[in-house]
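Have a look at the structure below before the remarks.
Letters go in sequence order (proteins before strands), and every chain restarts at 1. The figures that follow rest on heavy atoms only: side chains count, while hydrogens, waters and symmetry mates do not.
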Number of protein chains: 2
Amino acid sequence: MINPNIHKLNKAFESRVRLGIMSVLMVNDTVDFNTLKELLQVTDGNLASHNAALEKDGYLHIKKEFVGKKTLTTYSATKAGVKAFEEHLNVLEKLIKKID
Amino acid sequence: MINPNIHKLNKAFESRVRLGIMSVLMVNDTVDFNTLKELLQVTDGNLASHNAALEKDGYLHIKKEFVGKKTLTTYSATKAGVKAFEEHLNVLEKLIKKID
DNA sequence: ATAGTAACTTTGTATTACAAAGTGCTTTAC
DNA sequence: GTAAAGCACTTTGTAATACAAAGTTACTAT
């Protein structure tokens, strides 16, 4: 009988929105707020709170700057974020492989 | 820019406990309550409610019988459950593959 | 009579997701 | 110069969820 070892899954990445944020940031170094919002199809308030949660966990770096005279917020995964997400994916992958 | 397509992820399988239940049931035709409880390391109340949720979605079949004079509850994935879970895993797999 | 197993259900708490509305600041349109 | 609109939130409120712990029903073993 296999043991799914579900406790190794990272709670921070259980939400699909945060799964999406991290996925985007594994392929792209940075994303800005509005691109992320469009990709994930979420409301801005919702996105902001997920970003805040990931930042609080130390997985997301938030950078605010001015481009011209407009504010621009860009996000990137921290090293800890990359590591934690990769581990999470490994656990998922093992789960999937056992099944196939 | 990749699109993680997170809305194709099935909400029913977002919880790690339910992810675990389905994983076990993709490899084993049936599991009984106590084996599942041990594998997933959850309290019995918690497990019962996750099972009920999956049954309500039509993904889990719950069978109660007597073995000797003891009750025995065994669980199996329905066809719809297998299909839905496989689709969910496909979405996850695509997500992971894009990243690797 | 007591304790134990089985599989819950109930109760209660804490966390979460999310939408919608509001905020403060800035730019562009008329 | 007032209005509208963009940016990236914060606040507010609601509904769903996770989970533990305790209670429950029905049996069995001692």
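Contact annotation: A:Thr73 side-chain N/O to D:dC9 OP1/OP2 distance is under 4.0 Å. Contact between the side-chain N/O atoms of B:Thr43 and the OP1/OP2 oxygens of D:dA20 is found at a separation under 4.0 Å. Look at B:Asn51 and you won't find any side-chain N or O under 4.0 angstrom from OP1 or OP2 of C:dC8. Applying the 4.0 Å criterion to OP1 and OP2 of C:dA7, one finds that B:Asn34 has a side-chain N or O inside that range. In terms of phosphate contacts, A:His50 brings a side-chain nitrogen or oxygen within less than 4.0 Å of OP1 or OP2 of C:dC18. B:Tyr75 has no side-chain polar atom (N or O) that falls below the 4.0 Å cut-off from OP1 or OP2 of C:dA7.
Within 6.0 Å of NZ on B:Lys98 lie more than 12 heavy atoms contributed by other residues, nucleotides or ligands.
With contacts defined as side-chain heavy-atom distances shorter than 4.5 Å, the pair B:Lys94/B:Asn5 does not qualify.
Within 4.0 Å of B:Leu47, counting heavy atoms only, lies no atom of the nucleic acid at all. Among the heavy atoms of the strands lying under 4.0 Å from A:Val17 are primed sugar atoms or P, OP1, OP2 only; no base atom is included. Residue contacts shown for B:Lys64 are limited to sugar-phosphate atoms, with no base heavy atom under 4.0 Å away. B:Ser15 comes within contact range of the sugar-phosphate backbone alone, with a heavy-atom separation under 4.0 Å but no base atom that close. At a threshold of 4.0 angstrom between heavy atoms, the contacts of B:Phe66 with the nucleic acid are absent.
Taking all atoms of both residues into account, the shortest heavy-atom contact from B:Thr35 to A:Met1 is CG2-CE, 4.0 Å.
You'll find that the side chain of A:Arg16 is closest to C:dC18, out of C:dC8, C:dC18, D:dT10. Candidate nucleotides C:dT5, D:dA18, C:dC8 were compared by shortest atom distance to the side chain of B:Lys70, and C:dT5 ranks first. With distances taken from any side-chain atom of B:Arg18 to the nucleotides D:dA18, C:dA7, D:dC7, the minimum falls on D:dA18. Taking the side chain of A:Thr71 as heavy atoms from C-beta on, and the options D:dC7, C:dA6, C:dC8, the nearest nucleotide is D:dC7. In this structure, of C:dC8, C:dC18, D:dA20, it is D:dA20 that holds the atom nearest to the side chain of B:Asn46.
Classified by interplanar angle (parallel below 30°, tilted 30° to 60°, perpendicular above 60°), the ring pair B:Phe85/B:Phe13 is perpendicular.
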